[in-house]
Protein chains: 2
Amino acid sequence: MPHECKVETALDILVGKWKPVILFHIFQEEVLRFSELQRLIPDITKKMLTTQLRELEYHDIINRKVYAQVPPKVEYSITDYGKGLTPLLDSMHNWGLSHLEHLDQIYGESKLEKNN
Amino acid sequence: MPHECKVETALDILVGKWKPVILFHIFQEEVLRFSELQRLIPDITKKMLTTQLRELEYHDIINRKVYAQVPPKVEYSITDYGKGLTPLLDSMHNWGLSHLEHLDQIYGESKLEKNN
DNA sequence: TGCCATAGTATACAAAAAGATACCTACAGG
DNA sequence: CCTGTAGGTATCTTTTTGTATACTATGGCA
């Protein structure tokens, strides 16, 4: 890939079955605890939630704040740097939305059940 | 995912180990034969190339034109609709590029070898 | 007659990602 | 002293992706 194509880099940090949803919620709520994320995303396992959060943290997209308490309390929030993702996420969301319509046009309504 | 987040839809059509590279080449050359893609992307197997192309075709991003010849000749090109991806791909590329720099800043040069 | 080319399939296999389930810690409340 | 809690790990199995290799059809060419 002729050295200048970094689309994959962007893809890398967004890919992972749960990352978009996780980001969506943290962007929306500003700050969320581990357990709140679990509640908001009922089907995710702790393992998946942990690994996805760690990857986002590694990329400096989210912040992890641990309170020295028992039982533990950990809060996640978007970093200032992470907020720079907003335009990209918006573009992707918008393109995705119109693409669903396009698929609908060319293949018919049958595709709509796919993501509900 | 509260019904309005379609980031994943965009992700879906771009994900697959080879899709970005394939798109990159077809966007650049306008039209490419199967064998030319193979030559441009030496590590891809025929099977992968075929499946990725078929997925892109399903999403109306690329066009597949078969010539009734022997030996076969098949040309791939970006559809008009597919060209609408350009701004998104550009944004992703640009974000990816600056993200690599950011990672470099926070973790040091060691990350650069990752994508060369 | 046998060989080459192109654009694939078919089959088998390996590796990576995701899921299920059990377990851990250490304090607080009863 | 037993139990519950929050935020995880550890381990194992399943599913999804990707890789390797062999095979096919058809016609032109030597």
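Being a predicted model, the structure only gives us computed values, none of them experimental. Letters go in sequence order (proteins before strands), and every chain restarts at 1. Hydrogens, waters and symmetry mates are skipped; everything else that's a heavy atom, side chains included, is used.
With Thr79(B) contributing its side chain and Asp60(B) its backbone, the two residues share a donor-acceptor pair below 3.5 Å.
When heavy atoms are screened at a 4.0 angstrom cut-off, Lys46(B) is found touching base atoms of the nucleic acid. Within 4.0 Å of Tyr76(A), counting heavy atoms only, lie sugar-phosphate atoms of the nucleic acid but no base atom.
The side-chain hydrogen bond (donor to acceptor under 3.5 Å, both in side chains) with Tyr81(A) is formed by just one residue from the set His102(B), Gln105(B), His99(B); it is His99(B). Checked options Leu103(B), Leu97(B), Leu100(B); the residue passing with Thr9(A) is Leu100(B) (criterion: side chain to side chain contact (heavy atoms under 4.5 Å, CB included)).
As rounded to whole Å, 13 Å separates atom C1' of dT16(D) from atom CD of Gln52(B). Atom CG in Leu53(A) sits roughly 8 Å away from atom P in dG8(D) (whole-Å rounding). We find that NZ of Lys47(B) is positioned 10 Å from C1' of dA20(D), with the value rounded to whole Å. When the C1' atom of dT16(D) is taken as reference, atom CD of Glu55(B) falls 12 Å away, rounded to whole Å. In this structure, Asp12(A) places its CG atom 10 Å from P of dA17(C), rounding to the nearest Å. The nearest whole Å value for the distance from the CZ atom in Phe34(A) to the C1' atom in dT9(D) is 11 Å. The interatomic distance linking Ile41(B) (CD1) with dA7(C) (P) rounds to 14 Å, in whole Å. Between Gln69(B) atom CD and dA25(D) atom P the separation is 20 Å, expressed in whole Å.
Side-chain atoms of Ser35(B) lie closest to dT6(C) of the nucleotides dA26(C), dT6(C), dG19(C). Here the side chain of Lys17(B) is nearest to one of dA26(C), dT19(D), dG8(C), namely dT19(D). Comparing dA20(D), dT9(D), dT9(C) against the side chain of Thr50(B) picks out dT9(C) as the nearest. Considering only the side chain of Pro71(A), dA6(D) comes nearest among dT11(C), dA6(D), dG8(C). Distances from the side chain of Arg64(B) to the nucleotides dG8(C), dT6(C), dA10(C) place dG8(C) closest.
Contact annotation: Arg54(B) side-chain N/O to dT9(C) OP1/OP2 distance is under 4.0 Å. A sub-4.0 Å separation between OP1 or OP2 of dA7(C) and a side-chain N or O of Arg33(B) is present.
Between His59(B) and Tyr107(A), the ring centre distance reaches or exceeds 6.0 Å.
How far CZ of Arg39(B) is from CG of Leu32(B): 8.0 Å, rounded to the nearest 0.5 Å.
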